[in-house]
Amino acid sequence: MILVKLGGSVITDKSQYHAVRLDVLRRLCEEMTGAEDIVVVHGAGSFGHIMAHEHALAGGHRDGSQIPAYAAVSRDVRELNLMVLDAMIEAGMSPVSLPPSAGITLKDGVLEDYDTGLLQSYLDMGMVPVIFGDVALDSVQGFAICSGDQAMERLAKELSPRRSIFVSDVDGIMDRDPAEQGAELIGAITPDDLDSMTFHARVKDVTGGIRRKVESMLAMCSPGMDCIIINGNVPGLLADAIAGKEVRGTRVKVD
Ligand code: IPE
């Protein structure tokens, strides 16, 4: 099976509250059509990060004013999720939404209980399970953010996909801020490279930014698994990556 994460940075404009990039979202869904045994995870982008940051939701429950914010974020990420489902259905896919807040608990911000049995049953039926970055309950801090990357990590461990694809708004992991001139793509990353790398953050990201992403990709990788980050703004790349073709991007490898 294949795991795909549609990053919030590519399906939304992360710097602007509630801004979906519908044309890109629709094209990416068309590129996934026809893939068998596929699970889709999508990020929250500007439907989650901005308000979650404003109300410090990632740090857990500290005061009552956060509760309405939790409700609003949970509602907003569902709005984006519905748009993703619509785009998938329009493209001819049969998605089914499995919201983390209704099935996942965390412990101190780290994903703990996740029963993937339901997801597997939908997959066996030929449907496409869709999971997304969400707010969720936390046994220590009351609530926390369940990022799509955390869900990817767990799903990779449980489902042993042959390929995991992260669709981003840059070509892959760059050696400096992609906005800077001369930024170059790093073709492959192994666990040994992590400490020597410098990481950049361009926009508010309550789930840890690029470093966390690389760590999470390394953690989910197993020998022989194809784990790659690609640019979703380049038409055709996702379809090629799903088909197993060599594409421009950053491969994360473990021995
Ligand atoms: C974040 O999910 C969820 C919330 C902020 C509620 P992700 O971390 O997976 O989202 P992106 O891909 O960075 O936007």
Side-chain angles (χ1 to χ4, degrees), residues 3-21 24-25 28 39-61 66-84 97-106 109-111 114 130-138 141-156 164-170 172-173 178 199-217 219-220 229-233 238:
L3 262 179
V4 174
K5 169 153 187 220
L6 302 177
S9 60
V10 70
I11 60 171
T12 77
D13 175 351
K14 260 183 135 169
S15 63
Q16 221 183 316
Y17 179 64
H18 253 208
V20 67
R21 299 178 70 208
V24 178
L25 173 62
L28 290 171
V39 174
V40 175
V41 177
H42 70 79
S46 57
F47 287 70
H49 284 282
I50 295 174
M51 203 184 284
H53 179 80
E54 261 170 36
H55 297 273
L57 299 187
H61 191 187
Q66 291 174 303
I67 295 298
Y70 185 97
V73 171
S74 129
R75 180 243 164 254
D76 285 354
V77 292
R78 264 158 199 71
E79 183 178 346
L80 177 64
N81 180 239
L82 279 180
M83 291 188 223
V84 174
S97 175
L98 299 171
S101 60
I104 287 179
T105 54
L106 296 98
V110 178
L111 200 153
Y114 187 13
V130 181
I131 301 98
F132 51 93
D134 199 358
V135 280
L137 291 173
D138 187 297
Q141 52 179 53
F143 56 67
I145 303 290
C146 174
S147 74
D149 286 1
Q150 278 190 303
M152 285 286 282
E153 205 176 308
R154 179 63 67 92
L155 291 172
S164 297
I165 304 164
F166 287 83
V167 185
S168 162
D169 67 335
V170 289
I173 306 292
F199 290 92
H200 45 80
R202 263 192 301 165
V203 283
K204 286 188 179 65
D205 185 336
V206 291
T207 47
I210 307 287
R211 187 187 182 90
R212 177 76 198 108
K213 172 167 260 8
V214 175
E215 282 171 350
S216 157
M217 285 175 79
M220 67 186 272
I229 175 161
I230 59 166
N231 191 341
N233 290 321
L238 176 57

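Counting starts at 1 for both ligands and their atoms, in listed order.
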So among Val4, Val84, Val10, Val77, which one has a side chain to side chain contact (heavy atoms under 4.5 Å, CB included) with His42? Val84
Under 3.5 Å between some N or O of ligand 1 and some N or O of [X]?
X	answer
Gly148	yes
His42	no
Lys14	yes
Cys146	no
His49	yes

So, using side chain to side chain donor-acceptor pair (under 3.5 Å) as the criterion, who are the partners of His61 when residues are at least two apart? none
Below 4.0 angstrom from a heavy atom of [X], which ligand 1 atoms are there? Numbered from 1 as shown, please.
X	result
Gly48	5 (C)
Lys5	7 (P), 9 (O), 11 (P), 12 (O)
Val73	6 (C)

Identify the residue among Thr12, Asp13, Asn233, Asp169 that makes a side chain to side chain donor-acceptor pair (under 3.5 Å) with Arg21. Asn233
Which of these, Gly7, Ala44, Gly133, Gly8, has its nearest heavy atom closest to atom 10 (O) of ligand 1? Ala44
If you apply the rule side chain to side chain contact (heavy atoms under 4.5 Å, CB included), what do you find for Ile104 with Arg154, and how did you get there? CA-CA 11 Å; Ile104 287 179; Arg154 179 63 67 92; over 6 Å; no
Which is it for Asp134 and ligand 1 at heavy atoms under 4.0 Å: side chain, backbone, both or neither? backbone
Is there a side chain to side chain contact (heavy atoms under 4.5 Å, CB included) between Val135 and Phe143? Walk through the geometry before answering. CA-CA 7 Å; Val135 280; Phe143 56 67; 5.9 Å; no
Taking the side chain as C-beta and beyond, is there a heavy-atom pair between Ile131 and Tyr114 under 4.5 Å?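 Of all side-chain heavy-atom pairs linking Tyr114 with Ile131, at least one is under 4.5 Å.
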Under the ring pair (Phe, Tyr, Trp, His ring centres under 6.0 Å) test, which residues partner Phe166, sequence neighbours left out? none
